[in-house]
J.: 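Before I ask anything, let me first share the structure, which is written out below as structure tokens.
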Amino acid sequence: PSTWSLPQALSVALMLMAIVEYDNQRRYWLIGALVGAILLSRPTAALGIIFFVLIFWRGSPKLSFKNWLALLAPFCLAIVLWGGYNQARFGSPTEDGYRLVNNKDFIMEGPAYRQDDKIFSLRYLPVNIYNYFLSSPVPVFDRKPGLQPPTLNPPYLKINYPGVSLFLVMPILLWLYNLNWRNKEARYAFLTSLIILFVLLTYAWPGFRQVGPRYTQDFLPLIYLSLLQSKDGLILKAKDKVLIIISAIFNFMLYLAMI
């Protein structure tokens, strides 16, 4: 089995655990440790620490110095461990190995960088915006000779590299228009998600073979939190349930078309 998606799965689980801890016992050292563990798996997902800093900084009552230390010390320790590992293995605390990849060993069909290019650059924004939000499945036609009209053949749709739009695989995200902006949790979770998304859109690689943009899992737990704080509250209406079921079936069909 492939391990390409393991870091995303791990970071999602850890961030959900951090959010549950925030909603319950609020052991600050544990929240910091969980987000620090995310850093060691998916550094971009670790930007989720911004949400907790904002929520505690703007919250009431204000955090004491002791609690701030408990929150940030484990996260800072993870940064030190990450930098130390990179220094020992690659000779630089900021080199995690991606710049050393020789792209000649891969068949790249999307945006890619050479060894003399930057991993993060604004020049990747246009193509990544298309890949993340506008890309769609392609119909599978059986071309007929002459002027005969083509027909659709199973599996009817196929996915081109590097996947389809996030809104196609998760249309429930359109419910964000109903976000309760007065709720600080929803507001800060959404803001942090936008920050992470911007960083991902400037990244040189779109995620390779996938159904939807898998890198967006870096901020999906925070987006879920925002959705839970929508104006409709925590109640799923019948239309929401129908949308989720249809989306799940559609995603499964896309997955079958990909394998």
Side-chain angles (χ1 to χ4, degrees), residues 8 11-13 15-16 18-20 22-23 35 38 42 44-60 122 124-138 157 159-160 162-203 206-207 210-255:
Q8 284 82 33
S11 65
V12 167
M15 181 55 75
L16 289 174
I19 291 173
V20 169
Y22 159 75
D23 279 335
V35 183
I38 294 173
R42 284 286 299 171
T44 47
L47 291 172
I49 192 66
I50 295 173
F51 165 73
F52 296 106
V53 169
L54 288 174
I55 207 75
F56 292 135
W57 176 45
R58 303 293 294 179
S60 179
L122 293 178
Y124 301 123
L125 272 172
V127 68
N128 279 334
I129 289 174
Y130 173 82
N131 289 332
Y132 276 55
F133 302 114
L134 302 176
S135 181
S136 62
V138 179
L157 293 174
I159 300 175
N160 281 343
V164 300
S165 166
L166 178 64
F167 292 121
L168 278 179
V169 296
M170 290 190 64
I172 195 70
L173 294 181
L174 297 174
W175 260 239
L176 285 171
Y177 81 90
N178 208 28
L179 190 68
N180 182 7
W181 294 104
R182 294 183 179 181
N183 184 286
K184 64 178 182 179
E185 292 178 356
R187 189 168 64 248
Y188 295 150
F190 186 71
L191 174 61
T192 304
S193 298
L194 289 181
I195 294 172
I196 298 174
L197 174 61
F198 176 77
V199 174
L200 293 174
L201 290 176
T202 63
Y203 185 52
Q210 58 197 346
V211 176
R214 63 184 174 93
Y215 291 159
T216 57
Q217 293 176 81
D218 288 352
F219 60 81
L220 283 186
L222 294 171
I223 286 293
Y224 296 150
L225 181 60
S226 296
L227 286 171
L228 288 174
Q229 302 297 340
S230 67
K231 293 178 182 178
D232 292 333
L234 304 179
I235 300 175
L236 280 178
K237 297 181 179 179
K239 62 179 181 180
D240 302 328
K241 297 177 182 178
V242 170
L243 180 62
I244 292 172
I245 293 172
I246 293 175
S247 176
I249 295 172
F250 180 68
N251 288 340
F252 184 65
M253 291 176 59
L254 291 179
Y255 173 74

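Everything quoted here is computed from the prediction, not taken from an experiment.
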J.: Hey, mind stepping through V199 and F219 against side-chain contact (heavy atoms from CB on, under 4.5 Å) and telling me if it holds?
T.: CA-CA 11 Å; V199 174; F219 60 81; over 6 Å; no
J.: Which heavy atom of Q210 sits nearest to which heavy atom of I159, and what is that distance?
T.: O-CG2, 3.8 Å
J.: For the residue pair V138 and L157, establish whether any side-chain heavy-atom pair is separated by less than 4.5 Å.
T.: no
J.: Measuring from N251:CG to I246:CD1, what's the distance to the nearest 0.5 Å?
T.: 12.0 Å
J.: Taking side-chain hydrogen bond (donor to acceptor under 3.5 Å, both in side chains) as the test, write out the residues that go with Y22, two or more places apart.
T.: R26, E185
J.: Working to the nearest 0.5 angstrom, can you tell me the gap between T192 OG1 and I49 CD1?
T.: 10.0 Å
J.: Are the side chain of Q217 and the backbone N or O of P213 linked by a donor-acceptor pair below 3.5 Å?
T.: no
J.: Is a side-chain donor or acceptor of S247 paired with a backbone partner of V169 at a separation under 3.5 angstrom?
T.: yes
J.: Measure across F52 and I55 and return the closest heavy-atom pair with its distance rounded to 0.1 Å.
T.: O-CG2, 3.3 Å
J.: Partners of T44 by side-chain hydrogen bond (donor to acceptor under 3.5 Å, both in side chains), sequence neighbours excluded?
T.: R42, D218
J.: Evaluate Y124 against T202 for side-chain contact (heavy atoms from CB on, under 4.5 Å), listing each step before the verdict.
T.: CA-CA 5 Å; Y124 301 123; T202 63; 5.6 Å; no
J.: Looking at every heavy atom in both L200 and Y215, which two are closest together, and how far apart are they?
T.: CD1-O, 3.3 Å
J.: Which heavy atom in P171 sits nearest to a heavy atom in L168, and how many Å separate them?
T.: CD-O, 3.7 Å
J.: Does A189 have any side chain to side chain contact (heavy atoms under 4.5 Å, CB included) partners at least two apart in sequence or in another chain, and if so, which?
T.: F51, L222, L225, S226
J.: Pair Y224, L220 - check side-chain contact (heavy atoms from CB on, under 4.5 Å), show working.
T.: CA-CA 6 Å; Y224 296 150; L220 283 186; 3.8 Å; yes
J.: Compare every heavy atom of M15 with every heavy atom of P221, then report the nearest pair and how far apart it is.
T.: CB-CG, 3.6 Å
J.: Just to verify, what does R214 make a salt bridge (Lys or Arg N to Asp or Glu O under 4.0 Å) with, not counting sequence neighbours?
T.: none
J.: Less than 4.5 Å apart, any side-chain heavy atom of F190 and any of I223?
T.: yes
J.: To the nearest 0.5 angstrom, please state how far the CD1 atom of I50 sits from the CG atom of L47.
T.: 5.0 Å
J.: So do L227 and W175 actually touch side chain to side chain, heavy atoms under 4.5 Å?
T.: yes
J.: Look at the side chain of N128 and the backbone N and O of Y203, then say whether any donor-acceptor pair between them is shorter than 3.5 Å.
T.: yes
J.: I'd like to check the side chain to side chain contact (heavy atoms under 4.5 Å, CB included) partners of I249; sequence neighbours left out, ordered by chain and number.
T.: I245, M253
J.: Check side chain to side chain contact (heavy atoms under 4.5 Å, CB included) between S135 and all other residues, then give those that pass, not counting sequence neighbours.
T.: Y130
J.: Count the heavy atoms belonging to other residues, nucleotides or ligands that lie under 6.0 Å from CZ of F133, then report whether that count exceeds 12.
T.: yes
J.: Under the criterion side chain to side chain contact (heavy atoms under 4.5 Å, CB included), which of V127, I129, L134 is the partner of N131?
T.: V127
J.: Work out which heavy atom in I38 is nearest to a heavy atom in A46; give both atom names and the distance.
T.: CG2-N, 3.6 Å
